[in-house]
Peer 1: 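If you scroll down you'll find the structure; I have some questions about it.
Counting from 1, the numbers follow the sequence of the chain as shown. Both backbone and side-chain heavy atoms feed into the values below; hydrogens, waters and symmetry mates do not. Whatever order the structure lists them in is the order used to number ligands and atoms, beginning at 1.
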Amino acid sequence: MIPIVVLSGFLGSGKTTLLQHALAYYKGQGLKPAILMNELGDVNLDGSLVNGQAPMKEMLSGCICCTIRGDLGVELMNLAEEYKPDVIIVECTGVANPMEIVDAVTDASIYSSMILQSVITVVDARQFLDFASGHERNKSHRLMQDQLRCASKLIINKIDLLATGELQEVQALVKELNPYALTVSTQRSDVDVDTFFSIQGEERMDVSGQKESIADSGNDHHHSENHLHAHDHGDHHHHDHQHHEHDHEHEHGEHYHSYDHVVVHTHFFGQPVPRSEFEQLFRSLPAEIYRAKGIVRFLESEGQMMFQFAYRELEIIPIRPQKPVNDVAVVMGENFSASEIEERLRKLEAAEKPLTGL
Ligand SMILES: Nc1nc2c(ncn2[C@@H]2O[C@H](COP(=O)(O)OP(=O)(O)OP(=O)(O)O)[C@@H](O)[C@H]2O)c(=O)[nH]1
């Protein structure tokens with residue numbers, strides 16, 4: 001039986017950071033992990049962060065839990081057959097409803113020797129608190145709650161961004177939503193790896209039990225419909241945006257709501273951009289954009305940089321890719337104007353290289 005560990009959590013919460021810890025742990029144990037990654041956009045930037053550390057399959061341009069859900073089981077089985085791993089880690093896109101993934105994994109376990117070990121959900125503490133206090137958008141809040149509810153293990157991450165007293169507040173809210181999961185609070189998803197990732201002798205997740213308790217709370221959502229469409233505008237700046245909509249029908253049918261409307265916009269840079277303007281752009285993004293990542297070159301420096309924008313925080317790290325990678329920005333959020341962002345990104349590219357030495 002190959003154990004499957006599902007990493008869930010909202011966009012930018014710290015799943016890939018956690019995946020790095022998991023990979024190091026399994027390797028240290030002499031175990032062979034394999035990874036199944038899912039990204040909303042058509043480029044897998046997280047993949048390049050863990051590249052070469054373990055066999056990996058990618059499912060791009062869609063969300064595991066809807067468009068390509070049927071393929072999830074197939075991909076899992078391909079991974080299992082090809083690499084005979086000791087454990088498979090599934091990293092879902094931040095907008096996936098993990099209940100659907102749990103379903104797909106359990107489907108796969110019917111006709112192959114796999115078993116769902118755990119669903120680990122990572123929570124961005126700051127973002128969760130802002131959502132909970134109503135300062136932020138509600139649709140995402142509901143998705144986050146679902147991700148929390150179906151976790152067997154929970155990580156309250158980014159506690160460095162909380163003010164005094166706020167951690168207790170988040171912990172209490174999280175416990176209310178999911179009193180059953182083993183819950184820890186961390187910086188950089190730095191968990192006790194043995195507790196979180198050990199695959200020896202641990203009880204396996206009781207999937208049906210989990211579903212029961214979720215249904216009991218009246219929050220079981222069914223996918224009734226979903227859409228994902230990409231438009232390629234076919235000009236020299238290849239870009240596309242996808243509307244990712246999850247429509248969920250309430251279990252008891254008394255009302256209907258669509259709780260998630262995510263736009264993904266991809267922009268391929270044609271040339272380097274000025275760094276200060278680039279940073280300024282991220283400081284002034286509309287609140288609807290909560291995640292962006294990509295690779296960029298700056299006019300002022302040599303080489304490529306990876307940037308990560310997760311809930312108002314921007315990180316820029318120099319990289320030395322082993323194989324050529326495109327300069328690209330993937331921007332994700334709820335109902336934002338993709339054309340406005342496109343225009344702003346293009347404006348950055350129009351900037352001239354500063355004259356030096358004059
Ligand atoms: N301040 C702070 N930043 C963190 C912490 N953990 C992770 N980050 C940063 O948050 C950003 C997103 O982290 P990832 O691990 O890529 O998040 P993710 O959940 O994989 O993101 P998606 O794949 O887009 O859903 C990166 O810039 C991380 O360096 C933390 O504890 N504190």
Peer 1: Which bit of Asp160 gets closer than 4.0 Å to ligand 1, counting heavy atoms only: side chain, backbone, both or neither?
Peer 2: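 Answer for Asp160: side chain.
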
Peer 1: For ligand 1, which atoms have a heavy atom of Gln308 less than 4.0 angstrom away?
Peer 2: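 Ligand 1 atoms under the 4.0 Å threshold to Gln308: 16 (O), 26 (C), 27 (O).
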
Peer 1: So, regarding Gly12 and ligand 1 (criterion: nitrogen or oxygen to nitrogen or oxygen, under 3.5 Å), is there a contact or not?
Peer 2: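 The answer is yes, given that Gly12 and ligand 1 share an N or O pair closer than 3.5 Å.
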
Peer 1: Record the part of Ser13 in heavy-atom contact with ligand 1 below 4.0 Å; permitted values are side chain, backbone, both and neither.
Peer 2: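 Contact part for Ser13 vs ligand 1: both backbone and side chain.
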
Peer 1: Among residues two or more places apart or on two chains, list those pairs meeting side chain to side chain donor-acceptor pair (under 3.5 Å) that have a residue in residues 272-285.
Peer 2: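 Checked against side chain to side chain donor-acceptor pair (under 3.5 Å) - neighbours excluded - the pairs reaching residues 272-285 are Arg275-Glu279, Gln280-Arg283, Ser284-Arg344.
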
Peer 1: Are the ring centres of Tyr25 and Phe196 closer than 6.0 Å?
Peer 2: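 Distance test on ring centres: not under 6.0 Å, no.
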
Peer 1: Hey, which atoms in ligand 1 end up nearer than 4.0 Å to a heavy atom of Lys15?
Peer 2: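 What qualifies from ligand 1 is 15 (O), 17 (O), 18 (P), 19 (O), 20 (O), 22 (P), 25 (O).
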
Peer 1: Under the side-chain hydrogen bond (donor to acceptor under 3.5 Å, both in side chains) rule, collect the residues that match up with Asp124, sequence neighbours excluded.
Peer 2: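 By the side-chain hydrogen bond (donor to acceptor under 3.5 Å, both in side chains) rule, Asp124 matches Lys158.
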
Peer 1: Under 4.0 Å from any heavy atom of Leu11, which atoms of ligand 1 are there?
Peer 2: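 What qualifies from ligand 1 is 25 (O).
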
Peer 1: In terms of the angle between their ring planes, are Phe309 and Phe282 parallel, tilted or perpendicular, with boundaries placed at 30° and 60°?
Peer 2: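 Aromatic pair Phe309/Phe282 classed tilted.
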
Peer 1: Does at least one non-hydrogen atom of Met332 fall below 4.0 angstrom from an atom of ligand 1?
Peer 2: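 In this structure, Met332 fails to qualify as a contact of ligand 1 - no heavy atom is under 4.0 Å.
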
Peer 1: Going by the order shown, which atoms of ligand 1 are within less than 4.0 Å of some heavy atom of Glu91?
Peer 2: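 Those of ligand 1 that fall under 4.0 Å from Glu91 are 20 (O), 23 (O).
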
